**Student:** 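This structure is in structure tokens; I'll ask about it shortly.
As the structure lists them, so they are numbered: ligands from 1, and atoms in each ligand from 1. All figures in this text were calculated on a predicted structure; none of them were measured in a lab.
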Amino acid sequence: MLNGIWLGCQRVKARTAVIPAAGLGTRFLPVTKAVPKELLPIIDMPALQLVMDEAVEVGVDHIVLVSNVNKPGIEAYVRPAADVVQRVRASGRIELADRLARIGTDVRVSVVYQDAPLGLGHAVGCARDVVADEPFVVLLPDELMGDSHLLQSLVDAVDSTGVGAVGLMRVARDEVSSYGVITPADGAPHDGPFRIVDVVEKPKMEDAPSNLIIIGRYVLTPDVFDKIARLSPHANGELQLTDALRAQSAESPLAGLLNKSARYDTGTPMGWLTAVIDIALNRPDTSNALQAWLRGRVEF
Ligand code: UTP
């Protein structure tokens with residue numbers, strides 16, 4: 001459906017990823033008073049690291065973190081720390097030392113600042129000067145994916161069609177009002193791919209055009225920055241990325257691909273808790289011990 005549509009800018013695979021991490025994290029207060037939710041541990045890894053690894057897996061070689069001066073931990077995490085690596089290496093934990101040595105060095109990382117939390121659209125716009133005039137990836141670090149399949153499919157789709165592509169998920173009708181919801185073009189197969197003809201942010205259930213919501217993985221074309229620059233704030237004062245996508249989809253095709261892997265929303269305490277448990281159940285070094293403990297703890 002989208003094959004062969006190419007809209008002009010130089011055809012390059014997306015290699016830059018923007019990770020917006022400047023939000024207030026109010027749903028995770030009081031912990032986010034001091035700890036950015038993007039650094040919450042998923043066993044022993046910050047959520048941010050898992051998302052950065054996902055980007056690197058699909059060929060990203062430059063990560064742009066959008067942070068806020070009140071969240072210094074984000075920058076501290078990606079800053080190489082030779083002294084820590086050396087201390088751990090000297091203690092004989094070579095594998096851990098190697099892992100630590102790769103943080104912030106296995107991929108180029110830039111940090112840009114969003115002065116005020118004016119919304120996701122505004123946060124992505126803050127990366128404009130650092131993103132070259134080519135397609136780029138956006139990953140929301142409070143959404144974790146079971147693997148990098150969706151992101152790889154989005155990168156490949158944009159490479160072959162030249163139009164932006166976003167990750168989608170089907171939800172129950174009574175959940176749509178928390179998300180950006182798409183209108184798919186008529187005639188798409190149930191499992192997509194979809195051509196998106198409109199997007200609406202947080203519609204009432206009765207007004208929602210579908211139950212297909214946009215999730216936190218995007219590969220966008222650089223013309224979206226002009227749409228972001230022209231955004232008007234919503235009632236809550238925020239500039240929504242969804243509105244920029246809506247403007248884009250009115251002018252040029254936008255694709256949507258269904259996620260077929262696990263997805264975790266770690267932006268709330270319950271979402272984070274289920275993510276940690278599920279990921280620990282799948283990780284070889286934690287799975288057996290956790291299952292044994294759960295069997296003793298939970299009555300089935
Ligand atoms: P969220 O809306 O989930 O994050 O944005 P939030 O606003 O921090 O959370 P709540 O609603 O107050 O609990 C998704 C991602 O976009 C970033 C967030 O840091 C998060 O990683 N974001 C959001 C920004 O970088 N800037 C913003 O103005 C808003």
**Student:** Ignoring angles and geometry beyond distance, decide whether Gly267 reaches within less than 3.5 Å of ligand 1 through its nitrogen or oxygen atoms.
**Tutor:** no
**Student:** Can we say Arg89 and Asp98 salt-bridge, meaning some charged N sits less than 4.0 Å from an Asp/Glu carboxylate O?
**Tutor:**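 Judged by the 4.0 Å cut-off on N to carboxylate O distance, Arg89 and Asp98 do form a salt bridge.
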**Student:** Which residue supplies the protein heavy atom nearest to atom 11 (O) of ligand 1, what is that atom called, and how far is it?
**Tutor:** Arg27 NE, 3.1 Å
**Student:** With salt bridge (charged side-chain N to carboxylate O under 4.0 Å, His left out) as the criterion, how do Lys260 and Asp147 come out once you've worked through the C-alpha distance, each side chain's angles and the decisive distance to 0.1 Å?
**Tutor:** CA-CA 10 Å; Lys260 298 189 174 126; Asp147 55 47; over 6 Å; no
**Student:** Parallel, tilted or perpendicular: which one describes the rings of Phe136 and Phe225, with boundaries at 30° and 60°?
**Tutor:** parallel
**Student:** Salt bridge check: are Arg108 and Asp61 linked by an N-O gap of less than 4.0 Å?
**Tutor:**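 Salt bridge between Arg108 and Asp61, a charged N being under 4.0 Å from a carboxylate O: no.
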**Student:** How far is atom 26 (N) of ligand 1 from its nearest protein heavy atom, and which residue and atom name does that atom have?
**Tutor:** Gln114 OE1, 2.7 Å
**Student:** Among all protein heavy atoms, pick the one closest to atom 8 (O) of ligand 1 and tell me residue, atom and distance.
**Tutor:** Gly25 N, 2.8 Å
**Student:** Please confirm whether Val66 comes within less than 3.5 Å of ligand 1 when only nitrogen or oxygen atoms on both sides are compared.
**Tutor:**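 Min N/O separation from ligand 1 is not below 3.5 Å for Val66.
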**Student:** Is there a path of hydrophobic side-chain contacts, each under 4.5 Å between heavy atoms, that joins Val69 and Leu118?
**Tutor:** no
**Student:** Considering only heavy atoms of Leu118, which atoms of ligand 1 have at least one such atom less than 4.0 Å away?
**Tutor:**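 By the 4.0 Å cutoff, the relevant atoms are 28 (O).
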**Student:** Ignoring hydrogens, just give me the one of Pro117, Gly119, Cys126 whose non-hydrogen atom is nearest atom 29 (C) of ligand 1.
**Tutor:**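 Of the listed residues, Gly119 has the closest heavy atom.
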**Student:** Any sub-3.5 Å donor-acceptor pair from Arg128's side-chain atoms to Ile228's backbone N or O?
**Tutor:** no
**Student:** Got a salt bridge between Glu143 and Arg217, using NZ or NE/NH1/NH2 to carboxylate O under 4.0 Å?
**Tutor:** no
**Student:** Distance to 0.1 Å, residue and atom name: give those for the protein heavy atom nearest to atom 12 (O) of ligand 1.
**Tutor:**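 Closest protein heavy atom to atom 12 (O) of ligand 1: Thr26 OG1, 2.5 Å.
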**Student:** Any N/O of Pro141 closer than 3.5 Å to an N/O of ligand 1?
**Tutor:**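 For ligand 1, there is no N or O atom that lies under 3.5 Å from one belonging to Pro141.
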**Student:** Is the closest basic N to carboxylate O distance between Glu134 and Lys13 below 4.0 Å?
**Tutor:**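 No salt bridge links Glu134 with Lys13.
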**Student:** Between Asp44 and Arg283, is there a side-chain N and carboxylate O pair less than 4.0 Å apart?
**Tutor:**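 Yes, charged N to carboxylate O under 4.0 Å.
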**Student:** Would you say Leu24 and ligand 1 have an N/O pair spaced under 3.5 Å apart?
**Tutor:** yes
**Student:** Select one of side chain, backbone, both or neither to describe which atoms of Ala123 lie under 4.0 Å from any atom of ligand 1, heavy atoms only.
**Tutor:**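 It is the side chain that gets close, since no backbone atom is under 4.0 Å.
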**Student:** Look at atom 15 (C) of ligand 1 and say which protein heavy atom is nearest, naming residue and atom and giving the distance to 0.1 Å.
**Tutor:**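 The closest one turns out to be Pro20 O, 3.8 Å.
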**Student:** Quick one: look at His122 and ligand 1, take heavy-atom pairs under 4.0 Å, and tell me if it's side chain, backbone, both or neither.
**Tutor:** neither
**Student:** Hey, does Gly23 come in under 3.5 Å of ligand 1, counting only N/O atoms on both sides?
**Tutor:** yes
**Student:** What is the nearest protein non-hydrogen atom to atom 25 (O) of ligand 1, stated with its residue, atom name and distance?
**Tutor:**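 Nearest protein contact, heavy atoms only, for atom 25 (O) of ligand 1 is Ala22 N, 2.7 Å.
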**Student:** Taking only heavy atoms of Lys37 into account, list the atoms of ligand 1 that are under 4.0 Å away from them.
**Tutor:** 1 (P), 3 (O), 4 (O), 6 (P), 8 (O), 9 (O)
**Student:** With a 3.5 Å distance limit and no angle check, can you tell me whether Lys71 reaches the backbone of Gly23 through a side-chain donor-acceptor pair?
**Tutor:** yes
**Student:** Which atoms from ligand 1 have a heavy atom of Leu120 less than 4.0 Å away?
**Tutor:**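 What qualifies from ligand 1 is 16 (O), 29 (C).
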**Student:** Given Val112, which partner from the list Val66, Asp129, Val18 fulfils the side-chain contact (heavy atoms from CB on, under 4.5 Å) test?
**Tutor:** Val66
**Student:** Starting from atom 3 (O) of ligand 1, what is the nearest protein heavy atom, named by residue and atom, and what distance separates them?
**Tutor:**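 Looking only at protein heavy atoms, the one closest to atom 3 (O) of ligand 1 is Asp142 OD2, 2.7 Å.
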